[in-house]
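Working notes, beginning with the structure itself.
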Amino acid sequence: MTTPLRIAVVYPDLLGTYGDGGNGLVLARRAEWRGRTVALLQAVSDCPLPDADIYCLGGGEDGPQVRAARTLIDDGTLARRAAQGSVVLAVCAGFQIVGRAFPDAAGEPHAGVGLLEVETVKSAGPRAVGEVLAEVDPASFGPLPPLTGFENHGGSTSLLDGTAPLGHVVVGVGNGARDGSEGAVRGHVVGTYLHGPVLARNPALADQLLSWALGDVSLGALDDEPSESLRQERLAAVGGKRRLRRRT
């Protein structure tokens with residue numbers, strides 16, 4: 001019997017505010033459509049985190065975010081499995097959690113899990129809310145189409161120690177550190193502020209994560225007409241087709 005690809009949605013009871021659990025479903029369906037056996041796990045916070053090949057963390061409010069970080073640190077499974085090569089997709093509050101430190105509602109810092117060399121503080125400016133368009137950094141992630149999503153956060157996340165961004169903002173705020181960065185990448189750990197869910201809007205990113213989890217295999221093509229229609233709608237809404245920068 002084929003060992004199933006195990007995809008864990010991490011603490012949906014704490015990090016489920018923005019529907020980012022949908023990223024786990026997107027990954028599961030895209031693997032199943034290619035004939036893979038999948039176990040999609042809803043890993044709630046009052047149980048030990050299961051071993052998985054892919055972990056998806058989503059957005060949440062300040063109090064639950066602090067609780068989620070403490071629980072993940074105490075549990076230890078996420079850090080252990082990431083060190084062993086498991087794929088981690090962390091969105092918004094999840095992105096902050098997998099960094100070194102992040103603030104609570106009062107701005108007091110709390111320790112993160114430390115999978116990414118990033119630190120987040122409360123932004124001194126207005127809350128970042130709206131559509132985002134970002135060009136993927138080819139040096140850090142490889143060739144992917146531009147990323148589309150929406151952001152809703154009050155953090156300013158700085159990349160430390162040469163940490164590579166996931167992309168560069170064309171429209172929107174992104175990490176909010178005034179360097180034009182969006183997200184961060186280290187090994188098979190990806191952080192981003194993009195909701196949507198981000199993998200529903202960006203199936204090429206979903207396939208890259210699946211490829212990593214399956215051993216860098218080449219995945220067969222799927223009919224992505226519905227998701228591509230959504231992408232084009234969002235790109236047109238932010239004027240992305242006209243505003244994309246050319247990179248050399």
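A donor-acceptor contact shorter than 3.5 Å is absent between the side chain of E135 and the backbone of V170. When atom types are taken as modelled, the side chain of S227 and the backbone of A200 share no donor-acceptor pair closer than 3.5 angstrom. Side-chain atoms of D53 come within 3.5 Å of backbone N or O of R6 as a donor-acceptor pair. Looking at N202, its side chain does come within 3.5 Å of a backbone N or O of V198 through a donor-acceptor pair. Using a distance-only test at 3.5 Å, with no hydrogens or angles considered, a donor-acceptor pair links the side chain of S211 to the main chain of V217. Remark: the backbone N or O of A93 is paired with a side-chain donor or acceptor of Q65 at under 3.5 angstrom. Counting only distance, with no hydrogens or angles, the side chain of T148 and the backbone of L235 share no donor-acceptor pair below 3.5 Å. Panel note: side chain N175, backbone A177; no donor-acceptor pair is recorded below 3.5 Å.
At a threshold of 4.5 Å between non-hydrogen side-chain atoms, the residues P109 and F102 do not count as touching. The shortest distance between side-chain heavy atoms of V91 and Y193 does not fall below 4.5 Å. Between L116 and L159 the shortest side-chain heavy-atom distance does not fall below 4.5 Å.
Other residues, nucleotides and ligands place no more than 12 heavy atoms under 6.0 Å from the CD atom of E225. Under a cut-off of 6.0 angstrom, the local environment of CD in E32 is crowded, with over 12 non-hydrogen atoms contributed by other residues, nucleotides or ligands.
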Dump the intermediate steps for salt bridge (Lys or Arg N to Asp or Glu O under 4.0 Å) on R30 and D224, then the final yes or no. CA-CA 10 Å; R30 294 185 72 80; D224 282 328; 2.7 Å; yes

Evaluate the side chain to side chain donor-acceptor pair (under 3.5 Å) criterion for residues H195 and D20: first the C-alpha distance (whole Å), next the side-chain angles of each, then the deciding distance (0.1 Å), finally the verdict. CA-CA 7 Å; H195 300 289; D20 299 304; 3.0 Å; yes

In sequence, state the C-alpha distance, the side-chain angles, and the governing distance for T157 and T120, and then conclude on side chain to side chain donor-acceptor pair (under 3.5 Å). CA-CA 4 Å; T157 299; T120 303; 2.8 Å; yes

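Residues forming a side chain to side chain contact (heavy atoms under 4.5 Å, CB included) with D104 (at least two apart in sequence, or on another chain): V66, A106, E108, H110.
A salt bridge does not link E228 to R201: none of the charged nitrogens lies less than 4.0 Å from a carboxylate oxygen. Remark: R34 engages D207 in a salt bridge, criterion side-chain N to carboxylate O under 4.0 Å. With salt bridges taken as basic N to acidic carboxylate O contacts below 4.0 Å, none links R186 and D161.
Of all non-hydrogen atoms in P165 and S181, the two that sit nearest each other are CB-CB, 3.9 Å. In this structure, G172 and V132 approach most closely via the heavy-atom pair CA-CG2, 4.4 Å. Counting all heavy atoms, side chain and backbone alike, V189 lies closest to A82 at CG2-CB, 4.4 Å.
The aromatic rings of W212 and H188 lie parallel to each other, with less than 30° between the two planes, well short of the 60° mark. A perpendicular orientation is assigned to the rings of Y18 and F150, their planes being inclined by more than 60° (bins at 30° and 60°).
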When the side chains of residues 40-51 are checked against the rest of the protein, which donor-acceptor pairs come out under 3.5 Å, sequence neighbours left out?
{"unit_1": "S45", "atom_1": "OG", "unit_2": "D13", "atom_2": "OD2", "d": "2.6"}
{"unit_1": "D51", "atom_1": "OD1", "unit_2": "R80", "atom_2": "NH2", "d": "2.8"}

